[in-house]
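Order of listing sets the numbers, starting from 1, for every ligand and every atom in it. What you see is a predicted model; the values in this text were computed from it and never measured. Count residues from 1 along the sequence.
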Amino acid sequence: MRLDKFLCDALGTTRKESTQILKSGEVTVDGEVQKVGSFKVTEQSDVEWQGREIRISGPRYIMLNKPQGFVCSHEDGFNQTAFVLLDEVNMSDLHFAGRLDVDTTGLVLITDDGQWSHRITSPKHKCDKIYRVWLADPIEPNYEEKFATGIELRNERELTLPAQMEVIDEQQVLLTIHEGKYHQVKRMFAALGNKVVGLHRERVGNIILDDTLEPGEYRYLTEEEVASIWK
Ligand code: URA
């Protein structure tokens with residue numbers, strides 16, 4: 001594809017605007033400044049504008065290591081949206097594929113592909129989520145069985161789906177749940193008389209939070225990670 005056409009698709013600019021952007025010398029392809037619109041780029045080309053990687057608007061799949069203090073929605077008047085952590089073009093096309101509470105950290109998936117995110121969030125598909133949970137009080141011996149049989153949450157008619165708990169230490173567990181009700185993990189432990197004091201999502205389906213991402217950092221998913229959601 002021609003570079004000027006690539007810019008039009010990636011940035012939503014007209015051909016004339018793309019030509020001007022190119023002239024400004026702010027566009028690099030594979031590290032070299034390119035000013036010529038007819039220059040050919042491929043899917044493998046690394047195109048940057050003002051130092052930011054740009055891609056043809058098309059599906060984008062992002063994993064973010066969310067720090068505390070950011071909401072997975074538009075700003076709520078108190079907290080900043082986690083979108084501010086992204087350095088992306090065409091931000092309005094993106095949405096969260098499942099949310100974390102403002103004080104929860106860890107894996108958040110962000111995309112512009114509605115079918116893909118539906119597969120993650122739809123209760124029908126029971127996508128696994130793994131959380132590391134820190135508790136105020138020691139774990140009781142009956143927790144594992146209670147999670148396995150299902151827990152009655154306040155204001156819910158149905159029991160939670162069976163969940164699996166792995167004890168890490170006296171006050172820390174890994175919990176795998178297969179649904180995503182509002183404040184689910186906190187409410188499950190509250191129903192057992194305990195309190196969640198720290199919550200970190202490590203995994204969604206087969207997508208594992210990349211441990212090289214510092215809080216607030218993100219990266220694009222690999223093709224395998226994207227495809228794993230359909231398996
Ligand atoms: N369960 C919660 O209680 N909070 C989250 O952020 C995610 C799961």
Side-chain angles (χ1 to χ4, degrees), residues 62-86 94-111 117-140 143-144 146-168 171-211 213-218 229:
I62 288 168
M63 75 158 71
L64 166 71
N65 183 4
K66 187 183 98 59
Q68 285 198 347
F70 293 86
V71 287
C72 294
S73 60
H74 294 287
E75 282 168 63
D76 64 4
F78 297 103
N79 302 289
Q80 284 191 299
T81 164
F83 282 137
V84 301
L85 300 166
L86 306 184
L94 295 170
H95 62 271
F96 296 99
R99 297 175 177 198
L100 291 180
D101 297 337
V102 65
D103 54 349
T104 302
T105 57
L107 178 60
V108 173
L109 299 172
I110 298 168
T111 185
S117 59
H118 180 74
R119 181 79 186 199
I120 294 170
T121 54
S122 148
K124 198 174 121 198
H125 294 110
K126 302 186 178 63
C127 181
D128 299 354
K129 288 121 199 150
I130 303 187
Y131 293 89
R132 189 172 293 270
V133 190
W134 291 269
L135 296 159
D137 296 312
I139 295 145
E140 303 275 342
Y143 282 11
E144 202 170 334
K146 293 248 183 194
F147 284 133
T149 43
I151 301 223
E152 199 178 326
L153 298 181
R154 276 184 68 182
N155 304 324
E156 300 279 346
R157 263 188 283 149
E158 293 181 0
L159 293 182
T160 55
L161 291 177
Q164 293 72 46
M165 187 183 88
E166 183 190 333
V167 177
I168 305 297
Q171 284 166 251
Q172 188 189 150
V173 299
L174 283 179
L175 186 70
T176 305
I177 60 173
H178 311 276
E179 54 196 334
K181 295 193 165 84
Y182 183 62
H183 295 330
Q184 176 152 350
V185 176
K186 291 174 187 164
R187 289 163 73 208
M188 286 169 91
F189 281 99
L192 298 176
N194 210 325
K195 186 171 162 40
V196 171
V197 293
L199 189 56
H200 180 78
R201 185 155 69 189
E202 299 198 341
R203 183 167 178 158
V204 172
N206 285 319
I207 303 176
I208 300 169
L209 180 62
D210 186 331
D211 60 11
L213 292 176
E214 295 292 332
E217 289 185 343
Y218 72 98
I229 288 300

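- If you check which protein heavy atom lies closest to atom 4 (N) of ligand 1, you get D101 OD2, 2.7 Å.
- Between the side chain of R132 and the main chain of Q172, no donor-acceptor pair closer than 3.5 Å is present.
- At least one donor-acceptor pair closer than 3.5 Å links the side chain of Q171 to the backbone N or O of L135.
- Residue contacts with ligand 1, taken as heavy atom pairs separated by less than 4.0 Å, involve L199 solely via side-chain atoms from C-beta onward.
- Between the side chain of H95 and the main chain of T111, a donor-acceptor pair closer than 3.5 Å is present.
- For the pair K146 and E140, the salt-bridge criterion is not met [side-chain N within less than 4.0 Å of a carboxylate O].
- With respect to atom 1 (N) of ligand 1, the closest heavy atom belonging to the protein is V185 N, 3.1 Å.
- Residue Y131 approaches ligand 1 through these ligand atoms, each under 4.0 Å from one of its heavy atoms: 7 (C), 8 (C).
- Residue contacts with ligand 1: Y182 is excluded, as none of its non-hydrogen atoms falls under 4.0 Å.
- At least one N or O atom of H183 sits closer than 3.5 Å to an N or O atom of ligand 1.
- Only the side chain of T104 comes within 4.0 Å of ligand 1, judged by heavy-atom distances.
- R201 places no side-chain N or O within donor-acceptor distance of the main-chain N or O of V108, the cut-off being under 3.5 Å.
- In this structure, H74 and F83 have tilted ring planes: the angle between them lies in the 30° to 60° band.
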